Amino acid sequence: MNKNKVYIETYGCQMNVADSELVMGILSRQGYELTKEIDEADVILINTCSVRDNAEQRIFGRLGNIKKIKDSHSGAVVGILGCMAERLRDDLIKNKNLVDIVVGPDEYRRLPSFIESAIGGVKGIGVKLSRTETYEDIEPYREEGLSAWISVMRGCDKFCAYCVVPFTRGRERSRSLDSIVSEIEKLSVRGFREVTLLGQNVNSYNYEGKDFADLLNAAAKVDRQIRIRFTTSHPQDLSAKLLYAIAENPNVCNYIHLPVQSGSNRILRLMNRNYTIEHYLELIEKARKIIPGVSFSTDIIAGYPTETEEDHQATLDVLKRVEYDGAYMFKYSPREGTKAYKMEDDVPNEIKTRRLNEIIALQQSISLKKNQALIGTEDVVLVEGFSKKSENYLAGKTDANKVVVFPKSEGVVPGDYVNVKITGATSATLFGEFLGKTVLNEFADGISA
Ligand code: SAH
Ligand code: SF4
Ligand code: F3S
């Protein structure tokens, strides 16, 4: 039996986190052991992200360190997985001579044979994309815990003009509904309390006529004490049926990550986002009617090619109008091979930085205001463990994904649902008072007609 030890480090989005668990599932079937110590690894794998240049630069820096570890003592096989593997391909072996194997997101089944060959001194590269691979028969390697990620679809067909993901992840394809349900059943038996369904655009999930609303309904029924989350939703495909599925299932969190990217219709058109701001705002309004109290978060890109002050103001305006509970905010980064790459990156870096800072400052003030408005209200928190700062406090999340910190209480353990009363707030954290243990209520939500 193979007793080689594998160390894996993961960058990028949650889909990469889920993929690393898949990779460990594949390798552990072949007898590999997981190690958390890079120094004792026979195989070092880095699962990478290409979404912005600074993500890649960080990983190149790390690869430099790892090469030193390899050269100075361990002699481990080093492999690069994920989106950079797909984007840079043999450049990573031929020109940079940094690694032994390069394996893209759709070729992980071949990893064991690539590793074997590399141990024998033969470098390897597998970067073919597939129209059908979903790995649905592979059991991911998951440690004990409360929270699990499940990829329900792979790839993206949206081709937003700035984005490298359709090139690194290939075409959209969905996993069977039954395979997802049975994975949640297993997680339920193991005591998991939160499942996040993942895809670049989960709303376009489609398996033999079952859409994402059907999947949510089925996933939520498995265990009503498991919270179901999902990400990411593209505004184009957020149907009324899906909004009702969120509203009708008490354990589907009332929280939608709905990236807007820009507030300017001209920029949205250049981005190939396929919606106008008016359509987007109507959608938010419709969701708020169907799902009372629903929370939203978003992604914003600052300094897209040709962006004017007026376009930037339009983005600030959308933030004020929607009042998101949170946002991920980025400076535009040109990616080779994308449509936007052909446009001049004409917003100077100082201006991008200034605009980004304005966006961040505005969003922080909105988050603070929204959190302060919760003081005095009660909410249900899934307890995750001690707070980061002190073992006298516990921390967990609300349905809207907000962190709540409250004093430790006798008999309360991770995995419990508790009622808390909110007593304080910053832009990032709520503070609360423990009221008592609870369970998720079968009939909590209901729809408002
Ligand atoms: N499928 C998801 C996630 C895509 S990547 C979605 O559509 O939202 C996450 C975020 O990174 C995107 O929403 C976008 O805001 C940002 N992003 C993608 N490409 C980028 C680029 N070239 N420069 C800056 N930000 C980018
Ligand atoms: Fe990229 Fe757009 Fe697909 Fe999201 S929807 S992954 S931003 S191309
Ligand atoms: Fe990055 Fe690839 Fe995810 S580019 S954001 S790891 S899909």
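Below, each value reflects all heavy atoms present in this structure, side chains not excepted, and no hydrogens, waters or symmetry copies. Ligands are counted one by one from 1 in listed order, and the atoms in each one are counted from 1 as well. Because the structure is predicted, anything quoted here is derived from the model rather than measured.
At most 12 non-hydrogen atoms from other residues, nucleotides or ligands lie less than 6.0 angstrom from CD of Glu310. For Arg266, the CZ atom counts as densely surrounded, since its 6.0 Å shell holds more than 12 non-hydrogen atoms of other residues, nucleotides or ligands. Within a 6.0 Å sphere centred on NZ of Lys339, heavy atoms belonging to other residues, nucleotides or ligands number 12 at most. No more than 12 heavy atoms of other residues, nucleotides or ligands lie within 6.0 Å of CD in Glu336, so this atom counts as exposed by the packing criterion.
Figure legend: Arg52 and Phe330 shown as a cation-pi pair, the cationic atom lying under 6.0 angstrom from the six-membered ring centre and within 45 degrees of its axis.
With a 4.0 Å heavy-atom cut-off, ligand 1 is reached by the side chain of Pro259 but not by its N, CA, C or O. At a heavy-atom cutoff of 4.0 Å, ligand 1 is contacted by the side chain of Phe330 but not by its backbone. At a heavy-atom cutoff of 4.0 Å, ligand 3 is contacted by the side chain of Cys83 but not by its backbone. With a heavy-atom cut-off of 4.0 Å, Met15 does not touch ligand 3 at all. Heavy atoms of Val51 found under 4.0 angstrom from ligand 1 belong to the backbone as well as the side chain. Residue contacts with ligand 1 for His257 are absent, since no atom lies close enough (heavy atoms, distance under 4.0 Å).
Ser297 and Tyr328 are not linked by any side-chain donor-acceptor pair at a separation below 3.5 angstrom, with hydrogens and angles left out of the test. In the model, Gln363 has a side-chain atom that pairs as donor or acceptor with a side-chain atom of Ser367 under 3.5 Å. Between the side chains of Glu208 and Ser176, no donor N or O sits under 3.5 Å from an acceptor N or O. No side-chain donor-acceptor contact under 3.5 Å links Asn274 and His234. Residues Ser130 and Asp106 bring no donor and acceptor atom of their side chains to less than 3.5 Å of each other.
When hydrogens are left out, the protein atom nearest atom 3 (Fe) of ligand 3 is Cys13 SG, 2.3 Å; that is the closest non-hydrogen contact. The protein atom (non-hydrogen) at minimum distance from atom 15 (O) of ligand 1 is Gln261 OE1, 2.7 Å. Closest protein heavy atom to atom 4 (C) of ligand 1: Gln200 OE1, 3.7 Å. Looking from atom 23 (N) of ligand 1 to the surrounding protein, the closest heavy atom is Ser333 N, 3.0 Å. The nearest protein atom to atom 1 (Fe) of ligand 3, hydrogens excluded, is given as Cys49 SG, 2.3 Å; this is a heavy-atom distance. Of all protein heavy atoms, the one lying nearest to atom 4 (S) of ligand 3 is Ser50 N, 3.3 Å. Closest protein heavy atom to atom 9 (C) of ligand 1: Asp299 OD2, 3.6 Å. Looking from atom 11 (O) of ligand 1 to the surrounding protein, the closest heavy atom is Arg52 NH1, 3.0 Å. Of the protein's heavy atoms, Tyr162 OH, 3.4 Å lies nearest to atom 7 (S) of ligand 2. For atom 6 (C) of ligand 1, the closest non-hydrogen atom on the protein side is Thr232 CG2, 3.7 Å.
Side-chain N or O atoms of Asn249 include one that pairs as donor or acceptor with a backbone N or O of Ala245 at under 3.5 Å. Under a 3.5 Å cut-off, the side chain of Asn16 and the backbone N or O of Thr48 do form a donor-acceptor pair.
Here is the list of ligand 1 atoms found below 4.0 Å of a heavy atom in Lys331: 23 (N), 24 (C). The Gln200 neighbourhood of ligand 3 comprises atoms 7 (S), with distances under 4.0 Å to a heavy atom of that residue. Atom numbering of ligand 1 starts at 1 in the shown order; those under 4.0 Å from a heavy atom of Tyr162 are 18 (C), 19 (N), 20 (C), 22 (N). Numbered from 1 in the order shown, with element, the atoms of ligand 3 that lie under 4.0 Å from a heavy atom of Asn16 read 6 (S).
Taking the six-membered ring for Trp and the full ring otherwise, the centers of Tyr341 and Tyr162 sit at least 6.0 Å from each other.
Taking the six-membered ring where the residue is Trp, Tyr135 and Tyr108 present parallel rings, their angle staying beneath 30° rather than reaching 60°.
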Worksheet item: Does the pair Phe159 and Phe167 meet the rule for a ring-ring contact (aromatic ring centres under 6.0 Å, His included), with working shown?
Response: CA-CA 9 Å; Phe159 287 94; Phe167 302 95; 5.5 Å; yes
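Considering Val6, Leu81, Val43 as possible partners of Leu111, the one that fulfils the side chain to side chain contact (heavy atoms under 4.5 Å, CB included) test is Leu81.
When side chains are defined from C-beta on, Val380 does not count as touching Asp399, because their heavy atoms never get closer than 4.5 Å.
Taking 2.8 Å as the limit, the number of protein N, O or S atoms around atom 3 (Fe) of ligand 2 is 1.
Ligand 3 lies nowhere less than 4.0 angstrom from a heavy atom belonging to Gly82. By the 4.0 Å heavy-atom criterion, Ile301 is counted among the residues contacting ligand 1. Distances shorter than 4.0 angstrom occur between a heavy atom of Arg273 and an atom of ligand 2.
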